[in-house]
Asker: 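Before we start, here is the structure in question, set down as C-alpha cells.
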Amino acid sequence: MLDATTRSGGTATAAPPVPATELVLTEFTTAPTGLAARCTRALLSPWSRLSLLVSILVAAAATVLLFEPQKLLADGWPPQLNGAAASVVFAVAYGLCTVAFVPRPLLNIAAGALFSSQLGLGVSLAGTVLGAGIAFGLGRILGQDALRPLLRGRWLKAADGQLSRHGFRSMMAARLFPGVPFWAANYCASVSRMGWFPFLLATGLGSIPNTAAYVVAGAQASAPTSPAFLIAMAFIALPALAGAIVAWRKRHHFRDR
C-alpha cells in the first residue's frame with residue numbers, strides 16, 4: 001500500500017484501484033434504470049395522463065349509451081335492497097353516473113320516485129358531491145398539467161381567472177343557475193387553481209334548491225296537479241330564467257376581458 005506525505009507531516013493512504021469487473025457491472029446496472037426512468041416519464045407526462053382521462057370518459061359515456069344505468073336506477077332496482085343499504089348503493093351509483101355524463105335531473109327524479117322527498121334529497125346530494133369530487137379529482141390529476149397551457153382564449157382566460165380567484169362564489173353561481181352543465185363545471189374547476197374544499201362545499205350548498213325541486217317532482221309525479229308538484233316545477237323554471245337573465249346582463253363583461 002502506498003503512503004503519501006501531507007503538508008502537516010501526516011500520511012495519506014491512496015485508495016485502491018477499482019477492479020474492471022465492478023466498472024462493467026456498474027455500467028450494466030445503470031442502463032436499465034435510465035430506460036425505466038424514461039418510460040416512467042413518458043407514461044406520467046401531461047399528455048399521456050390527458051389521453052388516459054379522455055379514454056376513461058369515452059368508456060364511461062359508451063357504457064351509459066349501451067346499458068342506460070339511469071333507467072336501471074328507477075325501473076330495475078333490486079327489490080332486496082332497502083333501507084340504509086339502498087341509500088348507500090343509490091348514492092354511489094348516482095355519483096358514478098354523473099361522471100359518465102348522465103343528466104342529474106333524471107337521477108334526481110329517480111331518487112324522488114324510489115325514496116321519499118327527504119331521503120331522496122339526502123341521497124341525491126350525497127351522490128352529487130361524490131360525483132363532483134370524482135370528476136374534479138380525475139381532471140386535476142390527469143388533465144390539469146396538459147390543459148392549462150392551452151388557456152389562451154379570452155373567454156377561457158376569463159373563466160379560469162374567475163374560478164381561480166373567486167372559486168367558492170363562482171361555483172355557487174354555477175350550481176344555483178342551471179345554465180352550466182354539471183360535468184362542464186366539474187372539469188373547468190379542476191383545470192383552474194380552485195381548491196378542493198371550496199369546490200365541494202359550493203357544490204353541496206349550491207345544488208340544494210335545484211336538486212330538491214327535481215326530487216319533489218319525482219316523488220309527486222303521480223299527482224301532477226298537487227301543490228307540491230306545481231311548486232317544484234316553479235322552482236325548476238325560475239332558476240333557469242334567472243340564469244338566462246344574469247348571463248344576458250354579463251355578456252358585455254366577458255366581451256371586454
Side-chain angles (χ1 to χ4, degrees), residues 60-61 63-64 67-79 81-138 168 171-187 189 196-224 226-240 242-243:
T63 302
V64 168
F67 297 102
E68 297 184 342
Q70 69 275 14
K71 291 185 178 180
L72 295 175
L73 292 178
D75 302 332
W77 191 252
L81 278 179
N82 49 37
S87 303
V88 172
V89 171
F90 187 91
V92 173
Y94 185 113
L96 295 177
C97 286
T98 58
V99 177
F101 309 108
V102 175
R104 285 182 60 249
L106 297 178
L107 300 174
N108 294 330
I109 292 174
L114 291 172
F115 306 96
S116 62
S117 298
Q118 293 81 5
L119 182 57
L121 175 60
V123 169
S124 297
L125 288 177
T128 296
V129 175
L130 175 63
I134 293 174
F136 187 85
L138 287 174
F168 179 81
M171 190 52 55
M172 276 286 291
R175 301 308 190 193
L176 286 172
F177 301 126
V180 180
F182 183 74
W183 61 269
N186 294 336
Y187 292 110
W196 279 86
F197 182 73
F199 171 77
L200 295 177
L201 182 61
T203 296
L205 296 178
S207 300
I208 292 176
N210 189 263
T211 303
Y214 279 101
V215 169
V216 172
Q220 301 294 327
S222 58
S226 63
F229 184 83
L230 296 176
I231 292 174
M233 289 294 101
F235 270 95
I236 292 173
L238 288 178

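Small disclaimer: the values here were computed from a predicted structure and weren't measured. Residue numbers start at 1 and run along the sequence shown.
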Asker: I need the minimum non-hydrogen distance between Ala189 and Met171, along with the two atoms involved.
Answerer: CB-CE, 3.6 Å
Asker: Answer yes or no: are there more than 12 heavy-atom neighbours, outside Phe101 itself, under 6.0 Å from its atom CZ?
Answerer: yes
Asker: Which atoms form the tightest heavy-atom contact between Ala219 and Ser117, and what is the distance?
Answerer: CB-OG, 3.5 Å
Asker: Quick one: do Met233 and Ile236 satisfy side-chain contact (heavy atoms from CB on, under 4.5 Å)? Show the steps, please.
Answerer: CA-CA 5 Å; Met233 289 294 101; Ile236 292 173; 3.4 Å; yes
Asker: If you compare all heavy atoms of Leu200 against all heavy atoms of Gly133, which two are closest, and at what distance to 0.1 Å?
Answerer: CD2-CA, 3.9 Å
Asker: Return all side-chain donor-acceptor pairs below 3.5 angstrom for residues 174-187, not counting sequence neighbours, or 'none' if the list is empty.
Answerer:
unit_1 : atom_1 : unit_2 : atom_2 : d
Arg175 : NE     : Thr203 : OG1    : 3.3
Arg175 : NH2    : Asn186 : OD1    : 2.5
Arg175 : NH2    : Thr203 : OG1    : 3.3
Asn186 : ND2    : Phe182 : O      : 3.2

Asker: Check residues 102-112 and write down every donor-acceptor pair under 3.5 Å in which the side-chain atom is one partner and the other belongs to a residue at least two apart or another chain.
Answerer:
unit_1 : atom_1 : unit_2 : atom_2 : d
Arg104 : NE     : Tyr94  : OH     : 3.3
Arg104 : NE     : Thr128 : OG1    : 3.3
Arg104 : NH2    : Thr128 : OG1    : 3.3
Arg104 : NH2    : Thr211 : OG1    : 2.6
Asn108 : OD1    : Tyr94  : OH     : 2.6
Asn108 : ND2    : Arg104 : O      : 3.2

Asker: Starting at CD1 of Ile208, measure out to OG of Ser124 and round the result to the nearest 0.5 Å.
Answerer: 12.0 Å
Asker: Over all heavy atoms of both residues, which pair between Ala232 and Ala217 is shortest? Give the atoms and the distance, please.
Answerer: CB-N, 3.9 Å
Asker: Considering non-hydrogen atoms only, spot the tightest contact between Gly204 and Val129 and give its length.
Answerer: CA-CG2, 3.9 Å
Asker: Under the side chain to side chain contact (heavy atoms under 4.5 Å, CB included) test, which residues partner Ala212, sequence neighbours left out?
Answerer: Leu121
